[in-house]
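This report concerns only the one structure given below.
Order of the sequence lines sets the chain letters (A, B, ...), proteins ahead of strands, with each chain counted from 1. Just so it is clear, the values below take in all heavy atoms, side chains as well, and ignore hydrogens, waters and symmetry mates.
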Protein chains: 2
Amino acid sequence: MKVVVDAFGGDNAPLEIVEGVKLALNKIKELEVILCGKEETLKPMIEGYQNRIEIIDADEIIKNEDHPTLAIRQKKNSSLVRAYDILKERDDVIGLVSAGSTGAVLAGAIMKIGRIKGISRPALAPILPTKKSSDVIIIDSGANIDCKPINLLHFALMGSAYYSIIYNKENPRVALLNNGSEEGKGNELAKESFPLLKGAPINFIGNKEGGDFMSGDVDVMVADGFAGNALLKGTEGAVMAVLSLMKHSIKSHFWSKIGYIFMKKTFKELKGRIDILNKHGGSPLLGCKKLVVKNHGSCKRNNICASIEQTIVLNDSKLINKIEEALAKLNIEKNDEAVL
Amino acid sequence: MKVVVDAFGGDNAPLEIVEGVKLALNKIKELEVILCGKEETLKPMIEGYQNRIEIIDADEIIKNEDHPTLAIRQKKNSSLVRAYDILKERDDVIGLVSAGSTGAVLAGAIMKIGRIKGISRPALAPILPTKKSSDVIIIDSGANIDCKPINLLHFALMGSAYYSIIYNKENPRVALLNNGSEEGKGNELAKESFPLLKGAPINFIGNKEGGDFMSGDVDVMVADGFAGNALLKGTEGAVMAVLSLMKHSIKSHFWSKIGYIFMKKTFKELKGRIDILNKHGGSPLLGCKKLVVKNHGSCKRNNICASIEQTIVLNDSKLINKIEEALAKLNIEKNDEAVL
């Protein structure tokens, strides 16, 4: 089975990307990888893996500052555009992994691969830990900034299908991000989205606040990309801030340093829980006709390896078919006009 | 100096409210308090403080479920409405403290006290710690759900004036919450607000993401109440989740329990940093003609005491005048039509 990887996307490209690919090849026997990027740079890096890595030469790089749509149109020989070409042209390539610019990955997916019929906005759904044993995803987390209620309905359907696959959980609990739990709360978008989510073939548990995100009481948090991004980044920042305050305090007190040695197991457990993204890889761009997994720009080799593994899991579990089925179910249950 | 307190607002009313008032009276010699609520309940509770507490009988209570505007109109003998009557009628009362329903406190402020000329939306600006030594405020944090760019401009001006008073810092760093740091990023509201903030007489440092909130690089984070609420609650929830995961892990490992004993000082420091709201009291409702300080519904006596102290500080520092001055400056610098 083949996965195409954008070797020049992300802050740590190409080294961490290529090393991540090697880790995945070592783990998964039947895997083959197509690497897109500067051939002369990549060739010496894949020594010993030549029979399982194909290099597609691409001498341009799409940067974060580039306008996404223009970059996809104009930088035809960039590592990302070439990767999308491969994903589109070759039926045996099951998915694409990139740590490049979010906007460009999204634009490329829409322009080169196309959306699942009925979905107007593909969305990103990263995973976060909760204070209980379950994890939570947020959809959308920043790919779609100005949304309509129908987009949030699709996010809910796609998020529910995705969560049920990765955690093997039927009917995951889907909530709408809001500034209060009562029905009728929220901005215009949330108020109009509520009845759509309530009527959808999902386990909708109503409005939940930002404070419920890591409570373990929600599996899929649905939001527009602006508020969702604020929640996601705020949460990540807060976790890092607590650890940073603690680290600073430990360093300043002799007895705390001693205590830290005894508490190594606890800090290791905490780190393991927080590093959930390393386990699951990046976030798939849900709603496209083929699998696209987007990594953090700052990701390392472990993330890339995990993203490749995730691509295979999502392919084996037929995520895209499941999203199509959920959409079909919705369109049977609902009057088309009412939801589209 | 006199402060009026809603004795029956909040989950822990009236006990924690009355005890908080007593703490403040013990601390501040020249303070007198007017307590609004059921007289027969309150009377035995203020034993020994009768000469410094005046009780105004009010036998109704506004609940969280009540429609804010209707509640203010109809529950004329509620503890909150009576408190607003006192604040309005008596010139010697410098401010009001309540832990009641946010919506009702906001509605009461607008309907009974009125807004500073030029401000259409009063806003809440709670304080959070950062990973450095400075604190950060977020304005608005949930009082105004659907906002216009002009509202965000006013939030920025009011937040800047408020921060500079409580931290005695000239030109605090004001940022616009966004999903990316580049100019031109964001939803419609953020894009339209950016140039207004850029042209305002404040130290505007541009767009910042949710992840920058606790970084210590921002003093005043400006947002609409929906995204601001998601960020605030998400941040608080994440801090609590980390501590909860840690507590659970410590309990499960013998050596971690030992380590915890050595690390007491670090945990105490961390708790002190996180409990910043206890130090500063609740959040003032910025933009009203008189001081109104809103507490968390779950607040305890220490918060009430701190809120009363904060009311006095804000009164002494002439916060309301400073907001009026900032607005006047804006209107001189700008074409009125362009900003209003």
Side-chain angles (χ1 to χ4, degrees), chain A residues 64-65 129-131 142 145-146 177-180 182 185-190 209-215 223-246 248-250 253 255-266 269-270 273-274, chain B residues 65 129-131 142 145-146 177-180 182 185-190 209-215 223-246 248-250 253 255-267 269-270 273-274:
Chain A
N64 276 332
E65 311 80 87
T130 73
K131 67 180 184 188
I145 298 310
D146 286 296
L177 176 64
N178 212 322
N179 61 306
E182 303 88 351
K185 275 268 181 185
N187 57 9
E188 292 284 317
L189 176 64
E209 295 187 43
D212 300 312
F213 186 42
M214 291 181 79
S215 66
D224 68 277
F226 191 82
N229 192 268
L231 177 60
L232 171 72
K233 301 276 178 70
T235 299
E236 288 175 343
V239 170
M240 292 307 143
V242 173
L243 297 182
S244 166
L245 283 169
M246 196 167 247
H248 191 259
S249 171
I250 291 170
H253 304 299
W255 290 113
S256 288
K257 277 186 208 158
I258 304 292
Y260 177 72
I261 297 167
F262 285 106
M263 275 179 67
K264 275 260 161 96
K265 205 162 185 174
T266 283
E269 272 184 6
L270 192 66
R273 199 77 189 88
I274 291 166
Chain B
E65 311 80 88
T130 73
K131 67 181 185 188
I145 299 309
D146 286 295
L177 176 64
N178 212 322
N179 61 306
E182 304 87 351
K185 275 268 181 184
N187 57 10
E188 292 283 317
L189 177 65
E209 296 189 43
D212 300 311
F213 187 41
M214 292 182 77
S215 66
D224 68 277
F226 190 82
N229 191 268
L231 177 60
L232 171 71
K233 301 278 178 70
T235 299
E236 289 176 342
V239 171
M240 291 309 144
V242 172
L243 297 182
S244 166
L245 283 170
M246 197 167 247
H248 190 260
S249 172
I250 290 170
H253 303 298
W255 290 113
S256 288
K257 277 185 209 160
I258 304 291
Y260 177 72
I261 298 168
F262 286 107
M263 275 180 68
K264 275 261 161 93
K265 205 162 185 174
T266 283
F267 282 99
E269 272 184 8
L270 192 65
R273 200 75 190 91
I274 290 167

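With sequence neighbours excluded, the residues forming a side chain to side chain contact (heavy atoms under 4.5 Å, CB included) with A:Asn64 are A:Ser101, listed by chain and number. In this structure A:Phe262 satisfies the ring pair (Phe, Tyr, Trp, His ring centres under 6.0 Å) test together with B:Trp255, B:Phe262, sequence neighbours excluded.
The heavy-atom pair separating B:Ser256 from A:Thr266 by the smallest distance is OG-OG1, 2.6 Å. Across all non-hydrogen atoms, the minimal contact from B:Asn229 to A:Asn178 is OD1-O, 4.3 Å. Nearest heavy atom pair, residue A:Leu245 against residue B:Arg273, reads CD1-CG, 3.9 Å. Scanning all heavy atoms of the two residues, the minimum distance from A:Ala238 to B:Val239 falls at CB-CG2, 4.1 Å. Residue B:Asn179 comes nearest to A:Ile145 through the heavy atom pair ND2-CD1, 3.0 Å, listed as atom of the first residue, atom of the second, then distance.
For B:Ser215, no part sits under 4.5 Å from any heavy atom of chain A, backbone or side chain. Only the side chain of B:Glu269 comes within contact range of chain A, with at least one heavy atom under 4.5 Å from a heavy atom of that chain. Neither the backbone nor the side chain of A:Phe213 comes within contact range of chain B; no heavy atoms are under 4.5 Å apart. B:Ser244 touches chain A through its side chain: at least one heavy atom from C-beta onward sits under 4.5 Å away, while N, CA, C and O do not. Contacts of B:Ala190 with chain A are made by side-chain atoms alone, with heavy-atom separations under 4.5 Å and no backbone atom involved.
Of the listed residues (A:Gly180, A:Ala223, A:Ala230, A:Gly237), the one with the most heavy-atom contacts under 4.5 Å to chain B is A:Ala230. Chain A forms the most heavy-atom pairs under 4.5 Å with one residue out of B:Met214, B:Met240, B:Lys265, and that residue is B:Lys265. Interface remark: of the candidates A:Glu182, A:Glu188, A:Glu65, A:Glu188 forms the most heavy-atom pairs closer than 4.5 Å to chain B. Between chain B and the residues A:Asp212, A:Ile261, A:Leu270, the most heavy-atom pairs under 4.5 angstrom are made by A:Leu270.
Taking CG of B:Leu231 as the start and CG of A:Leu232 as the end, the distance is 11.0 Å to the nearest 0.5 Å. In this structure, the separation between NE2 on B:His253 and CE on A:Met263 is 10.0 Å, given to the nearest 0.5 Å. To the nearest 0.5 angstrom, B:Met246 atom CE is 6.5 Å from A:Leu243 atom CG. Taken from CG in B:Leu189 to CZ in A:Phe226, the straight-line distance is 7.0 Å, to the nearest 0.5 Å.
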